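What follows is a set of notes on a single structure, which appears directly below.
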Amino acid sequence: MSFDMNDAEPQKSGELIPDGTFAKVTMTIRPGGTDGQSEIDRGLLKASNAPGSDVLMVDAEFTVAEGPHVRRKFWQMFTVSGGKVDEQGVSIGWKISKASFRAMIDSALGLDPQDMSEAAKAKRILRGLADLNGITFVAKIKVEPSDDPRYGDSNKLDRVVLPSEPEWRKVMDGEVLAPSPSTRARPKAASPASPASPAAPAWGQPAASPPASAAPAWSRPAQPGTAPAAAPAATPAPSGPAWLNT
């Protein structure tokens with residue numbers, strides 16, 4: 001059996017979505033194998049792999065739904081229990097995630113965040129966190145610098161854009177907005193351990209040696225820095241309830 005590689009798609013460039021991009025995104029929850037508190041959250045959560053940690057998280061995949069970055073993805077964890085607690089013993093991580101989840105519902109359904117009518121409140125009640133699977137809302141996307149030299153920078157959810165903000169209506173109407181980078185200070189990049197030696201001019205560098213054998217290119221040792229970064233595997237998930245996106 002042979003494999004024809006001629007019709008394969010070009011490699012992904014790994015280029016990030018510009019910092020401060022506004023876009024409509026859809027969240028897919030990737031099941032982590034740990035049960036949540038409700039019946040529909042069986043196997044939904046992901047346990048932290050940090051030694052001694054009691055943190056449980058929602059493993060979220062965001063896909064840009066339309067616009068110039070359509071189908072681009074980024075990933076983010078949301079703590080739903082465990083970790084540091086406040087003076088009432090409530091997980092601080094959960095309080096932050098809960099605020100984001102409520103904002104997603106308001107953005108998806110066009111609800112005024114100040115609307116506390118019975119009808120609006122009813123729309124913010126979920127059977128479980130699994131109900132958030134498939135929700136589509138307006139987001140501002142940021143570039144988060146990596147603090148681990150083994151990995152590059154990545155896209156993250158900066159914040160959910162609410163119907164009370166002017167960008168929400170424009171994105172919902174299909175308008176493409178210019179990125180608005182956040183003004184938060186970014187960590188300084190680590191200084192190199194030692195200055196690099198001046199590079200010799202191209203004509204002074206030795207010519208590349210010809211291949212030692214006729215082996216195919218992919219069987220030769222990879223050059224440093226050319227290994228592709230492993231992308232998180234997307235796991236199909238059931239569609240979210242229709243009412244979330246109506």
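Just so you know, these numbers come straight off a predicted model, no measurement behind them. Note that these values count all heavy atoms, side chains included, but never hydrogens, waters or copies made by symmetry.
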Spacing of OG1 belonging to T34 relative to CG belonging to D59, to within rounding of 0.5 Å: 11.5 Å

For R71, salt bridge (charged side-chain N to carboxylate O under 4.0 Å, His left out) partners two or more places apart: none

Answer yes when D158 and K142 have at least one side-chain N-carboxylate O distance shorter than 4.0 Å, and no when they do not. no

Out of curiosity, Q88 CD to D86 CG, how far, rounded to the nearest 0.5 Å? 5.0 Å

Look at atom NZ of K98 and say whether more than 12 heavy atoms of other residues, nucleotides or ligands are closer to it than 6.0 Å. no

Residue among V176, V161, V138 satisfying side-chain contact (heavy atoms from CB on, under 4.5 Å) with V171: V138

Verify the cluster assignment for F78 and L132: are they in a single hydrophobic cluster under the rule of side-chain heavy atoms below 4.5 Å apart? yes

Looking at side-chain heavy atoms only, is the closest gap between V90 and K95 below 4.5 Å? yes

Shared ILVMFWY cluster between L129 and L56, side chains joined below 4.5 angstrom? yes

Per the ring-ring contact (aromatic ring centres under 6.0 Å, His included) rule, what does the pair list look like for residues 15-70, sequence neighbours excluded? F62-F74

Check: V25 and T63 side chains under 4.5 Å, non-hydrogen atoms: no

Check whether any side-chain heavy atom of W168 lies under 4.5 Å from a side-chain heavy atom of F137, and answer yes or no. no

Can you list the residues that meet the salt bridge (charged side-chain N to carboxylate O under 4.0 Å, His left out) rule with K121, with sequence neighbours excluded? E118

Working to the nearest 0.5 angstrom, can you tell me the gap between T21 OG1 and L16 CG? 10.0 Å

Separation of K84 NZ from T79 OG1 (nearest 0.5 Å): 11.5 Å

Interatomic spacing from CE in M104 to CD1 in I135 - rounded to 0.5 Å: 7.0 Å

Is it true that M27 and I105 fall in one hydrophobic cluster, defined by side-chain heavy atoms closer than 4.5 Å? yes

Run the salt-bridge test on E165 and K140 with the 4.0 Å N-O cut-off and return the result as yes or no. no

